[in-house]
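Counting starts at 1 for both ligands and their atoms, following the listed order. Numbers for residues simply follow the sequence, beginning at 1. Nothing here was measured: the structure is a model prediction, and the numbers come from that model. All values below come from the heavy atoms of this structure, side chains included, with hydrogens, waters and symmetry mates left out.
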Amino acid sequence: MVEQQQVEGTEMSELVLRWLRTQARLRQALAVAGRGAEDAMLLAVSKRHPASAIAELFEAGQACFGESYLQEALDKQAELADLPIEWHFIGPIQSNKTRAIASQFTWVHSVERVKIAQRLSEQRPVDMGELNICLQVNISREASKSGFLPEELMAAAEKISKLPRLKMRGLMAIPRDEDDYQRQREPFRQLAELQQQLNDELGLQLDTLSMGMSGDLEAAVKEGAAIVRVGTDIFGARQ
Ligand SMILES: *Cc1c(COP(=O)(O)O)cnc(C)c1O
């Protein structure tokens, strides 16, 4: 679809051009890392951007969108109800919001308490497939960030892996801001090691490292990201 549009030479909006550039950036990062072109996918983080922008990118070929604020997401979902968008929740989760999240999203990247996972499991509608979840890890141990600490992860993952209606897919992290590529790689490598450890010790098959944003996509892809979550690089600055 992407190639076709370029060949046709149709007039493209700035937004679609930015999205194409981000897709190219991801492909380049995968090639540099020696990985296959399909080994990581782009989640377009549309928080604080209007439903019209989502519709435009969906039309261009972007199927998966990430949202961080529940009410804002629900409003856009209602507006875009006729489009088969795959919605991912990536923001902080309060207990009283789990019912809506369990029924309105295909993925939740930001599970950071066992209690939240239990509620999502109980509240996932039976007529929907399993809810894909990632456990958020506070990999840089910052007071301002949420997520399980690495040493809490094993016990939590063991409990959560047994919950019905959820499919635990992997780990998510937002590391400390860092400009240097080599230093960016370190926390991503640690997250990959944690996921491998869970697979080895708990016999799990976690396959999804959700890591890498506008500022550190290349480092995350180098360390094995399966989903990169990009907002600013596609949509521009948020209001
Ligand atoms: C906002 C957000 C992103 C996107 O960040 P950008 O720097 O705009 O690419 C990714 N992940 C999470 C969890 C976010 O909240």
Side-chain angles (χ1 to χ4, degrees), residues 14-29 40-51 53-54 57 62-74 76 85-94 97 101 104-113 116-117 120 131-148 169-181 183-185 187-188 191 195 208-239:
E14 179 65 25
L15 175 62
V16 172
L17 279 172
R18 290 182 74 118
W19 170 73
L20 285 169
R21 275 189 228 117
T22 306
Q23 288 283 13
R25 190 181 159 197
L26 174 58
R27 281 197 302 276
Q28 171 73 8
M41 75 139 199
L42 177 63
L43 179 67
V45 177
S46 45
K47 66 177 184 220
R48 300 289 189 244
H49 294 284
I54 297 175
L57 286 188
Q62 174 68 37
C64 304
F65 290 86
E67 290 281 340
S68 298
Y69 308 105
L70 181 62
Q71 191 53 53
E72 179 189 332
L74 295 177
K76 291 181 204 171
I85 290 170
E86 183 176 288
W87 295 99
H88 293 229
F89 193 79
I90 63 171
I93 305 176
Q94 296 162 277
K97 302 289 171 64
I101 292 172
Q104 296 299 317
F105 292 83
T106 303
W107 280 75
V108 177
H109 294 234
S110 44
V111 173
E112 42 127 348
R113 279 186 288 150
I116 293 293
L120 291 171
L131 178 65
N132 295 288
I133 63 162
C134 292
L135 306 190
Q136 184 169 350
V137 182
N138 189 351
I139 198 74
S140 303
R141 314 183 80 90
E142 292 173 279
S144 62
K145 296 253 173 77
S146 42
F148 294 103
R169 297 296 301 270
L171 304 179
M172 184 273 249
I174 310 169
R176 187 192 306 280
D177 266 340
E178 172 64 67
D179 291 331
D180 178 72
Y181 171 74
R183 276 188 298 212
Q184 285 175 348
R185 286 178 58 182
F188 293 138
L191 198 71
Q195 178 156 290
T208 306
L209 289 166
S210 169
M211 58 189 198
M213 319 198 326
S214 295
D216 53 16
L217 179 157
E218 285 78 10
V221 166
K222 179 72 180 170
E223 299 300 337
I227 301 181
V228 294
R229 310 176 313 269
V230 178
T232 309
D233 202 49
I234 300 173
F235 294 96
R238 287 178 283 273
Q239 336 279 311

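Looking only at heavy atoms of the protein, atom 11 (N) of ligand 1 is closest to Arg229 NE, 2.9 Å. Ranking protein heavy atoms by distance to atom 9 (O) of ligand 1, first place goes to Ser214 OG, 2.6 Å. In this structure, the protein non-hydrogen atom closest to atom 2 (C) of ligand 1 is Lys47 NZ, 2.5 Å. Here the heavy atom of the protein found nearest to atom 5 (O) of ligand 1 is Met213 CE, 3.7 Å.
The nearest non-hydrogen atom to atom 8 (O) of ligand 1, considering only Ile227, Thr232, Asp177, comes from Thr232. Taking only non-hydrogen atoms, the option from Ile90, Val228, Ile234 nearest to atom 12 (C) of ligand 1 is Ile90.
By the 4.0 Å N-to-carboxylate-O rule, Glu218 lies too far from Lys222 to be salt-bridged with it.
No side-chain donor-acceptor contact under 3.5 Å links Lys76 to the backbone of Glu67. A side-chain donor-acceptor contact under 3.5 Å links Glu72 to the backbone of Arg48. Looking only at distances, a side-chain donor or acceptor of Gln195 sits under 3.5 Å from a matching main-chain atom of Leu171. Proximity of a side-chain donor or acceptor of Arg169 to a complementary backbone N or O of His109 within less than 3.5 Å is not detected. In this structure, the side chain of Ser110 engages the main chain of Gly91 through a donor-acceptor pair within 3.5 Å. Formation of a donor-acceptor pair under 3.5 Å by the Arg229 side chain with backbone atoms of Ser210 is found in this model.
At least one N or O atom of Gly231 sits closer than 3.5 Å to an N or O atom of ligand 1.
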> Can you check side-chain contact (heavy atoms from CB on, under 4.5 Å) on Val108 and Ile116, steps first, answer last?
Replying inline: CA-CA 11 Å; Val108 177; Ile116 293 293; over 6 Å; no
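Between Ser68 and ligand 1 there is a heavy-atom distance shorter than 4.0 Å. The shortest heavy-atom distance from Arg238 to ligand 1 is under 4.0 Å.
In summary, the atoms of ligand 1 found under 4.0 Å from a heavy atom of Ile174, numbered by their order in the structure, are 13 (C). Interface atoms of ligand 1 facing Val230, defined by a heavy-atom separation under 4.0 Å, are 9 (O).
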